[in-house]
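What follows is a set of notes on a single structure, which appears directly below.
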Amino acid sequence: MKLNGKLTRSIWLEPDGWSVGVIDQTLLPYDFATLRLASLDDAARAIRSMQVRGAPLIGAAAAYGLCLGLRQDASDEALERGYATLLATRPTAINLKWALDEVTAAVRNRPREDRVAAAYRRTAEICDEDVAINGAIGRHGLKLIEDVARRKKAGEPVNVLTHCNAGWLATVDLGTATAPIYTAHDAGIKVHVFVDETRPRNQGTLTAFELGQHGVPHTYVADNTGGHLMQHGMVDLAIVGCDRVTAQGDVCNKIGTYLKALAAKDNGVPFYVALPSPTIDFTVGDGLKEIPIEERSADEIANVTGRAANGRVETVRVSPEGSPVANYAFDVTPARLVSGLITERGVIAASRTGLAKAFPERAAAAK
Ligand code: MRU
């Protein structure tokens, strides 16, 4: 994607050829700064603190984390320790485990002296594959937007609602939920996006930031607005990302996604979920019962950060002192509420058959 006109990925190898550059997403959209990750602990810290976030980017950062760890110690014991440290950083997005497994498989049966190069090689592939997958998601999702555009009166935009940030900042590039939007916009289709704020961490600010950078018309709305917009025919389709899809098509995504899916069902608005295949977890069926939901610090709910009138970025407390706070970071949308899954292999049914048919090799490997 272009950032201030310059082609940028959300993660890259620094010119030294081994340390890793990322954008510190905790500072966006108010400030822009990059971070250099030089050790496995740096990578673990960046994921835990959400300086890097979004399921595919978490996976890529964890893969680089293993590379950095192997540079320091390429033994089996260090590999296992590093795997466990990185896996524990965030529990819900399955791309993290997938990427760690991929790098581990690439190095496990190699002599120690070959392991670092093999790990960097597989990690670079993971990053490039993510970009290619998102390109395919964009092309398949484009057809959904084109179908709506054909039914619109001349000059009317296709209105898409999205939740959280499943954009290029959350992936290596292009994004998942945003890929069809960028592809349609670049093809000259008029698209307008309603961007959910996504409390508590306001990832909607990241989505609004990147849509703005790409010139896509959008409107930033409070989280509770989606139902109202849908009741008044102001949303043509919803497209969200996800952190894990189960074998039966249940979708785990940022807290609040389920409420949007309910409102979409009640109003006959198509509700699509965009995902790369590493987000599918064929080892779990019932998402509600089996997916661990991350609970994060109460501070994220109790406080709000933004730019004050004096230009400074400030954090203020919004919840009353002494009120207990709960911070569930994700929820599960049952497959029955999902109109379709936009994957790199096409738009498929959110069902056991749909997923197994599109990704037979992954389904078989999980048995
Ligand atoms: O807590 P976050 O910001 O990592 O959550 C991000 C999301 O929920 C995204 O929708 C999901 O990871 C998909 S990113 C392509």
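Numbering of ligands and ligand atoms starts at 1, following listing order. The structure presented is a predicted model; accordingly, all values stated were derived computationally and were not measured. All residue numbers refer to positions in the sequence shown, counting from 1.
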Show me the short polar-atom pairs for ligand 1: any N or O of it lying under 3.5 Å from a protein N or O, with distances only.
residue: ligand 1; atom: 1 (O); partner: R90; partner atom: NH1; Å: 3.4
residue: ligand 1; atom: 1 (O); partner: R90; partner atom: NH2; Å: 2.8
residue: ligand 1; atom: 1 (O); partner: K254; partner atom: NZ; Å: 2.7
residue: ligand 1; atom: 3 (O); partner: R53; partner atom: NE; Å: 2.5
residue: ligand 1; atom: 3 (O); partner: R53; partner atom: NH2; Å: 3.3
residue: ligand 1; atom: 3 (O); partner: Q203; partner atom: NE2; Å: 2.8
residue: ligand 1; atom: 4 (O); partner: G54; partner atom: N; Å: 2.9
residue: ligand 1; atom: 4 (O); partner: R90; partner atom: NH1; Å: 2.8
residue: ligand 1; atom: 8 (O); partner: D243; partner atom: OD1; Å: 2.9
residue: ligand 1; atom: 8 (O); partner: N253; partner atom: OD1; Å: 3.1
residue: ligand 1; atom: 8 (O); partner: K254; partner atom: N; Å: 3.4
residue: ligand 1; atom: 10 (O); partner: N253; partner atom: OD1; Å: 2.7
residue: ligand 1; atom: 12 (O); partner: A55; partner atom: N; Å: 2.9
residue: ligand 1; atom: 12 (O); partner: D243; partner atom: OD1; Å: 3.3
residue: ligand 1; atom: 12 (O); partner: D243; partner atom: OD2; Å: 2.9

Practice problem: Measure up the H192 and F194 rings against each other and bin them: parallel (under 30°), tilted (30 to 60°), perpendicular (over 60°). | Solution: perpendicular

Pairs under 3.5 angstrom only: tabulate donor-acceptor contacts from the side chains of residues 135-144 to other protein residues two or more places apart or in another chain.
residue: R139; atom: NH1; partner: G135; partner atom: O; Å: 3.4
residue: H140; atom: NE2; partner: E344; partner atom: O; Å: 3.2
residue: H140; atom: NE2; partner: G346; partner atom: N; Å: 3.4

Sorted by chain and number, sequence neighbours left out, ring-ring contact (aromatic ring centres under 6.0 Å, His included) with F282 holds for none

Worksheet item: Is a side-chain N or O of R244 found less than 3.5 angstrom from the main chain of C252, in a donor-acceptor match?
Response: no

Residue pairs passing the ring-ring contact (aromatic ring centres under 6.0 Å, His included) test with at least one member in residues 164-183, sequence neighbours excluded, are Y182-H214

Between R122 and E129 (salt bridge meaning N to carboxylate O under 4.0 Å), is one present in this structure? yes

